[in-house]
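Notes to accompany the following structure.
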Amino acid sequence: MPKQKYANKSLTNWIVAMLILYLFYYSYRYVFRYNAEMTSPTYSDTPLFFQLAKYIILILLILGAFGSILNQKLNPSSKLAYVLLWVLIIQSVYSFILCKDIDDLILIICFCPAVLVMSFSGNINVITIDKVCHFFMCFTIVYELIQLGLYFINGRLPALGYDTGYFYDVRFGGAWDDPNGFSVMLAFFIPYAFCKFRSVKRIVYVALLSIFLILTWSLTGIFSFIALMIILLLNKAINYKKYTLRKFVKILVVVALFTTLAVLVYVWQYSSINSFIQGKMGSIYGHLDSFDLSSISVLTLLGFVPAPRQMESGLVSLIYHGGILQLVIFYVFAFIAVAACRSIIRKINKDKKIFPVYCGMFCYMVAFLIANINLPMLYMFSNVGIFALFAVISINNYKEKKSVVKHSYMLAKI
């Protein structure tokens, strides 16, 4: 049997290189204090070179990946998802030609690797993905701790930090120095750490990453993670086959403890929490304004006349870029990817090395879709790039789900 049916080593290497780009590229922001003058009193606008370099690197990686698989036989892993992906990209090209909006280019270039992966048979080495994610998790923990140390010792502010005297006005965004994007990425790393480690290590990693989530002060990121946890708990409850009074009481005790803790914190820090909520009201109203479709034309709604505009909601942005059709196409493709990932997870033993990665991928994709309702996640370079890779890895590897575990270990030895 041809080896490429099980392992596409060449394509795996290029995909891993792209993942490294998405994860590590923005590490320069905090070091050089580059972001945008309008969002930070201590940062300057990112030079054009840094803005363009990531796209140039990604294009070179895509070309390299394409060149390495030219001699392979075209064999889409999922014909429906493959067609949907092509239509999504073609619609974005059409929108860019008419409107010249950079957001269309971001979506196009970040989904091109997904097309390459889906075009050919063969699994992506998830163990290699695990190694990269583990290293970045440790890297971003150290990076964030340094930021916190410099803030408390020298008063150095991160990208979204304002010296108002209130700690919640200083938003930490990990190695990305991007609170909103990083908060959604933590939806991968918190479940990933929970599944990967045991005992004290698990407690330390999950506690640190959970604190980092809070320190982003991103309501969208935090609520997306909470919504994700509710979905997981409901799914577990629905599929749970053996209920006992003891376990039911345990659940009630945990819920009661968290509720009590939340009430105590609210009473103790009432004035600070109230000030925080008041400070967020302007942003909340700005996000709500994104859902006002009263001025949209019928032709834009149908996707014939794209009319991109700057707004907070990624979901609504899809409608302005490609109409209701593009919105439906993206979410159907995304649901196929989430379902494929969930199916793989159900086939894998929890003790396998690849289990934490797939769990993290599943959680990230769900959180991404939830956050995209209120944030333009589809047009945020690192977030959408990682989503596209996770989605297509799930779809591609699902085709050979019966041999995913066995051949992932074979790949690690290649």
Side-chain angles (χ1 to χ4, degrees), residues 76-99 101-115 117-119 184 220 224 227-228 231 287-343 361-380 383-396 398:
S77 52
S78 168
K79 291 181 173 58
L80 174 59
Y82 190 62
V83 171
L84 291 173
L85 197 53
W86 268 114
V87 175
L88 180 67
I89 291 175
I90 291 170
Q91 276 193 319
S92 298
V93 171
Y94 172 72
S95 177
F96 177 74
I97 291 172
L98 293 182
C99 304
D101 193 285
I102 187 66
D103 285 346
D104 289 311
L105 277 183
I106 293 173
L107 190 148
I108 293 164
I109 194 174
C110 287
F111 272 97
C112 278
V115 172
V117 175
M118 288 190 66
S119 297
V184 178
T220 300
S224 295
L228 167 67
I231 291 171
H287 285 277
L288 291 175
D289 287 341
S290 297
F291 295 93
D292 181 8
L293 296 175
S294 59
S295 61
I296 194 170
S297 70
V298 175
L299 291 178
T300 299
L301 202 60
L302 295 175
F304 295 115
V305 182
R309 65 178 194 178
Q310 292 298 318
M311 59 179 61
E312 298 293 343
S313 171
L315 185 148
V316 178
S317 292
L318 275 170
I319 298 175
Y320 276 95
H321 283 263
I324 296 294
L325 178 62
Q326 190 175 65
L327 175 68
V328 172
I329 286 172
F330 170 71
Y331 273 92
V332 170
F333 170 79
F335 290 150
I336 291 173
V338 170
C341 192
R342 182 175 179 272
S343 297
M361 287 166 53
F362 174 83
C363 291
Y364 176 77
M365 287 189 288
V366 173
F368 180 97
L369 295 175
I370 296 170
N372 190 60
I373 297 172
N374 199 51
L375 284 174
M377 303 303 301
L378 266 173
Y379 308 106
M380 296 166 68
N383 287 103
V384 68
I386 292 170
F387 174 85
L389 292 185
F390 285 174
V392 77
I393 289 171
S394 299
I395 294 171
N396 231 46
Y398 174 64

### Task
Could you tell me whether the side chain of T300 and the main chain of V305 form a donor-acceptor pair under 3.5 Å?
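Answer holds: yes.
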If we only count heavy atoms from C-beta on, is the [X] to [Y] side-chain gap below 4.5 Å?
X	Y	result
F333	L80	no
P308	D104	yes
I370	I231	yes
S317	D103	no
L105	I109	no

Which distance, rounded to the nearest 0.5 Å, do you find between the [atom1] of [X] and the [atom2] of [Y]?
X	Y	atom1	atom2	answer
M380	I106	CE	CD1	10.0 Å
F387	Y364	CZ	OH	8.0 Å
S313	I373	OG	CD1	7.5 Å
L84	M118	CG	CE	8.5 Å
L389	N396	CG	CG	12.0 Å
Y320	I296	OH	CD1	4.5 Å

### Task
List for me each residue that meets side-chain hydrogen bond (donor to acceptor under 3.5 Å, both in side chains) alongside Y94, sequence neighbours excluded, and say none if there are none.
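Counting only residues at least two positions away or on another chain, Y94 forms no side-chain hydrogen bond (donor to acceptor under 3.5 Å, both in side chains).
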#### Entry: S119 and Y82: side chain donor to acceptor below 3.5 Å
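Y82 and S119 do have a side-chain donor-acceptor pair below 3.5 Å.
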### Task
Could you tell me whether the side chains of S92 and S95 share a donor-acceptor contact shorter than 3.5 Å?
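Judged by distance alone, the side chains do not pair up.
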### Task
With L318 as reference, evaluate I324, L325, L327 under the side chain to side chain contact (heavy atoms under 4.5 Å, CB included) test and give the passing residue.
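Per the side chain to side chain contact (heavy atoms under 4.5 Å, CB included) rule, the option paired with L318 is L327, out of I324, L325, L327.
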Could you report the tightest heavy-atom contact between [X] and [Y], atom names first, then the distance?
X	Y	result
M365	S394	CE-OG, 3.6 Å
C110	A388	O-CB, 3.4 Å
F368	L378	CZ-N, 3.9 Å
M377	N372	N-OD1, 3.3 Å
C112	I89	N-CD1, 4.4 Å
A81	I395	CB-CD1, 3.9 Å

Side-chain atoms of residues 334-341: list all donor-acceptor pairs with protein atoms under 3.5 Å, sequence neighbours left out, distances to 0.1 Å.
none

### Task
Check each of Y379, F330, F96 against H321 using the ring-ring contact (aromatic ring centres under 6.0 Å, His included) test, and report the only one that passes.
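Between H321 and the candidates, ring-ring contact (aromatic ring centres under 6.0 Å, His included) is satisfied uniquely by Y379.
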